[in-house]
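Please find one structure pasted underneath; my questions will follow.
Numbers for residues simply follow the sequence, beginning at 1.
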Amino acid sequence: MLTYTEGTRIIVRDGADILWIDPWGKDGVRVRMTGQPQMDENDWALTEPIENTNAEIRETEVDMTDPWYKGEEWTQYHYTGKVLELINGKIRARVSEEGWLSFYNQKGELLTQEYWRNRDRICRYAVPLKMPARALRPIPGTSDFELFARFESFAEEKIYGMGQYQVNTLNKKGMSLDLEHRNSQASVPFYVSSRGYGFLWNNPAVGTVHFAQNKTEWHARSTKKMDYYITAGDTPAEIEYNYSSVTGRTPMMPECGMGFWQCKLRYRTQEEVLEVAREHKRRGLPMDVIVIDFFHWSLQGNWEFDPEDFPNPEAMVKELRDMGIETVVSIWPTVDERSKNYGYMRQRGMLIRTDRGNSLYGSNWMGANVYYDATNPDTQRFVWEQAKKNYYDKGIRIFWLDEAEPEYGNYEFDNFRYYAGPGLQVTNIYPKEYARGFYDGLKAEGETEIISLVRCAWAGSQKFGALTWSGDIHSSFRAFREQIQAGLSMGMAGIPWWTCDIGGFIGGDPEDEDFRELIARWFAWGCFLPVFRLHGQRAPWIEKKVTIGAGGFQKLSSGMPNEVWSYGEEDYEIMKKYLFLREKLRPYIRKIMRKASETGEPVMRPLFFDFPEDSAAWDVDDAYMFGEALLVAPVTEAKVVSRKVYLPAGCKWKESATGKIFEGGQMVDAYAPLDIIPVFVREGADLEIY
């Protein structure tokens with residue numbers, strides 16, 4: 001093992017393997033390793049300029065004791081000999097004589113360290129497992145590697161973030177997570193630990209992570225290098241600030257994004273869109289955005305309005321804007337082989353290819369389609385040119401970038417090949433690059449506050465104005481409950497803008513009383529999400545599911561009505577109340593959106609984010625803070641009129657619905673009839689909710 005320094009970089013060589021340890025931004029360290037002669041140059045999510053003027057390296061001779069595994073027979077390891085220490089603000093990266101890595105904060109407290117079980121000269125007891133902490137296993141016949149990176153597990157550690165998974169609990173400790181995107185699943189591999197650090201797995205390769213009791217193990221099926229970033233902070237807010245400094249911060253939310261978004265599957269014609277907007281205004285109801293869903297086009301890959309159904313989109317957009325409503329259109333990255341752009345894009349390598357079988361493969365839903373290659377800069381520019389000509393020039397400023405995983409017919413990642421590389425190595429950057437293409441196009445046209453509704457994200461997507469939503473979820477209380485932790489996990493993973501389909505996407509009959517209860521509860525919660533958006537495929541379908549449009553092309557019909565007046569008078573009065581409450585909250589929402597843009601902090605976040613000293617707050621996953629002043633506790637069970645809510649210690653709390661004042665640090669019974677979502681106002685905040 002050869003360990004040496006170059007400037008503020010520590011280098012460890014072990015045969016063909018080379019490890020770099022660099023200071024990276026404020027209080028951060030980046031660790032890279034390759035088995036190739038040259039380090040792969042991709043920065044992936046770590047895109048922002050950095051300054052490391054205060055970093056230094058020290059070399060010491062120590063007997064350093066690190067406590068591990070409380071209660072086990074062997075309670076300590078001992079490092080002896082030369083230790084190199086990279087100091088960058090609040091983080092210390094220490095490298096032992098044998099090349100083992102451990103990370104500390106400025107107080108000397110251990111944050112995490114590598115999991116080595118293959119040598120015995122350092123251990124108090126021999127551990128002959130021959131299991132290294134980091135392993136690049138060559139894939140025969142290629143220059144690529146299978147990668148394992150292992151870290152110690154700490155029994156008390158709690159892990160928050162990692163993106164969007166449809167699970168019940170906020171704390172990801174003990175979970176096994178696939179590092180891959182699917183409809184309703186977004187792998188954003190950054191987490192915040194209760195031990196005081198944040199960790200980014202800076203690798204878009206398909207793989208897994210196991211936050212197990214015996215070890216944490218990251219696995220990439222095929223890659224060029226190991227690459228991760230770790231930062232220390234005294235609070236979760238500091239950690240998110242540091243992380244967003246090196247991966248990019250979200251833009252300022254446009255004013256229209258802070259109000260109400262109306263959507264359904266689907267408004268079939270220009271007149272349907274206008275009639276819904278006119279009815280909203282006739283009733284005196286606020287609406288900032290209306291969304292035109294898929295198959296407003298003739299063919300996938302044409303990226304234009306179908307002239308039969310939308311004969312004058314410029315006039316439609318103008319009338320909507322005169323009513324104070326922005327128009328959003330759905331974009332799919334699928335290209336039908338019959339579309340006008342297919343031949344051009346295929347000839348120029350703009351479509352995702354396969355290594356086996358058909359050279360081009362994607363989806364056969366409503367036609368034979370191929371996904372365009374969003375990792376190709378030429379493709380990004382070409383698609384934006386079509387969107388500009390057919391949408392932007394007609395007044396559209398916001399795009400709904402659907403199918404962003406992308407949603408293959410089969411998720412055979414090892415068969416896909418992109419401009420950026422093999423699918424196994426790069427597929428997880430697809431939603432980020434999808435959003436980048438539209439962000440760059442809008443920015444080139446002079447837009448400054450850019451937002452795109454995107455059905456997936458990866459680390460760094462936030463800097464391209466990505467508003468992620470949770471995909472095609474079910475219309476049920478179970479799914480409702482899961483979305484709370486999904487939104488909180490996305491926020492802790494560095495994606496401040498998040499929403500979901502209010503009422504769920506799949507199912508939900510407007511005439512069903514049980515569903516009316518569900519959507520009333522869900523709609524009230526939507527008022528306290530970063531974006532307040534009603535959407536869904538309501539049952540049953542209107543007319544036939546598939547119709548034949550101009551040119552003989554198939555087009556979907558539509559689900560049942562999904563407007564606020566579609567669910568009976570009781571629900572209508574409840575929904576109307578929350579529409580106006582959202583408007584009342586607009587100054588507060590504007591303030592917390594500005595804070596997210598400036599600091600990277602989540603808009604919705606777990607209680608511990610604002611109350612890290614309250615140990616009980618770290619265990620709450622059914623309530624959250626909406627900004628720094630409002631504690632929101634959604635009701636996610638049927639037929640209840642109250643619920644338990646934990647109020648963090650350190651201040652008093654006012655129950656909005658009753659005016660009661662409670663001391664923090666206790667569980668209380670919250671008042672929650674059907675028309676009330678429990679909201680508590682933090683002491684000192686000048687906010688009235690009900």
Side-chain angles (χ1 to χ4, degrees), residues 164-171 175 183-186 263-265 469-491 498-540 559-564 566-568 570-575 577-578 604 606-607 619-624 626 631-646 657 667-680:
Q164 177 179 277
Y165 293 85
Q166 299 301 322
V167 296
N168 278 322
T169 54
L170 184 61
N171 179 10
M175 290 191 185
N183 187 341
S184 79
Q185 176 174 298
C263 186
K264 67 164 282 189
L265 188 161
W469 95 97
S470 58
D472 297 346
I473 55 175
H474 191 245
S475 296
S476 66
F477 274 105
R478 177 195 58 77
F480 178 15
R481 171 70 183 82
E482 291 175 347
Q483 300 327 295
I484 299 172
Q485 69 76 30
L488 295 174
S489 295
M490 285 293 277
W498 180 90
T499 188
C500 63
D501 295 348
I502 290 175
F505 178 74
I506 302 172
D509 183 344
E511 300 299 322
D512 180 14
E513 290 299 325
D514 289 338
F515 181 67
R516 288 183 173 186
E517 179 188 8
L518 171 66
I519 199 167
R521 290 294 193 188
W522 209 319
F523 195 89
W525 178 49
C527 181
F528 297 93
L529 290 179
V531 166
F532 186 16
R533 171 178 162 271
L534 179 62
H535 184 51
Q537 171 188 293
R538 301 295 169 241
M560 295 296 286
N562 189 48
E563 291 71 48
V564 295
S566 304
Y567 298 97
E570 183 180 18
D571 273 17
Y572 175 60
E573 291 300 321
I574 293 170
M575 292 177 173
K577 176 170 76 171
Y578 286 100
M604 60 181 294
L607 301 188
D619 294 324
V620 176
D621 56 10
D622 62 353
Y624 64 96
F626 186 57
L631 189 158
V632 182
V635 176
T636 58
E637 296 180 55
K639 311 297 189 247
V640 300
V641 294
S642 68
R643 60 152 291 180
K644 298 284 188 182
V645 179
Y646 178 75
M667 192 77 73
V668 300
D669 288 312
Y671 177 68
L674 183 60
D675 66 328
I676 294 293
I677 179 173
V679 178
F680 292 80

| query | Around Glu573, counting heavy atoms of other residues, nucleotides and ligands shown, do more than 12 lie under 6.0 Å from its CD? | reply | yes
| request: With salt bridge (Lys or Arg N to Asp or Glu O under 4.0 Å) as the test, would you mind laying out the steps for Arg643 and Asp669 before giving the verdict? | output: CA-CA 6 Å; Arg643 60 152 291 180; Asp669 288 312; over 6 Å; no
| said: Whether the Tyr646 and Asp619 side chains hold a donor-acceptor pair (N or O, under 3.5 Å, no angle test) is what I'd like checked. | reply: no
| message | Donor-acceptor pair, distance only, cut-off 3.5 Å: does the side chain of Thr636 make one with the backbone of Phe477? | response | no
| message | Are Phe532 and Phe523 an aromatic pair, judged by ring center distance below 6.0 Å? | response |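 Yes, the ring centres sit under 6.0 Å apart.
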| field | Least distance between heavy atoms, Phe626 atom then Val632 atom | value | CB-CG2, 3.9 Å
| message | I'd like to know if Lys639 pairs up with Glu517 as an ion pair, taking the criterion as any Lys NZ or Arg NE/NH1/NH2 lying under 4.0 Å from an Asp or Glu carboxylate oxygen. | response | yes
| Is the closest side-chain donor-acceptor distance between Arg538 and Tyr567 under 3.5 Å? | yes
| message | Assess the residue pair Glu511 and Arg516 against the criterion (salt bridge (Lys or Arg N to Asp or Glu O under 4.0 Å)); give the C-alpha distance rounded to whole Å, side-chain angles, the decisive distance to 0.1 Å, and a yes or no. | response | CA-CA 8 Å; Glu511 300 299 322; Arg516 288 183 173 186; 3.6 Å; yes
| request: Determine the minimum heavy-atom distance between Val531 and Thr499, stating which atoms define it. | output: O-OG1, 2.7 Å
| request: Evaluate side chain to side chain donor-acceptor pair (under 3.5 Å) for Trp498 paired with Gln164, printing each intermediate quantity in order. | output: CA-CA 10 Å; Trp498 180 90; Gln164 177 179 277; 2.8 Å; yes
| If you take all heavy atoms of Arg533 and Asp501, which pair is closest and at what distance? | NH1-OD1, 2.7 Å
| message | The test is side-chain contact (heavy atoms from CB on, under 4.5 Å); show your working for Gln483 and Gln166 and say whether it passes. | response | CA-CA 7 Å; Gln483 300 327 295; Gln166 299 301 322; 2.8 Å; yes
| request: Return the orientation label for the Trp525 and Trp522 ring planes: parallel under 30°, perpendicular over 60°, tilted otherwise. | output: tilted
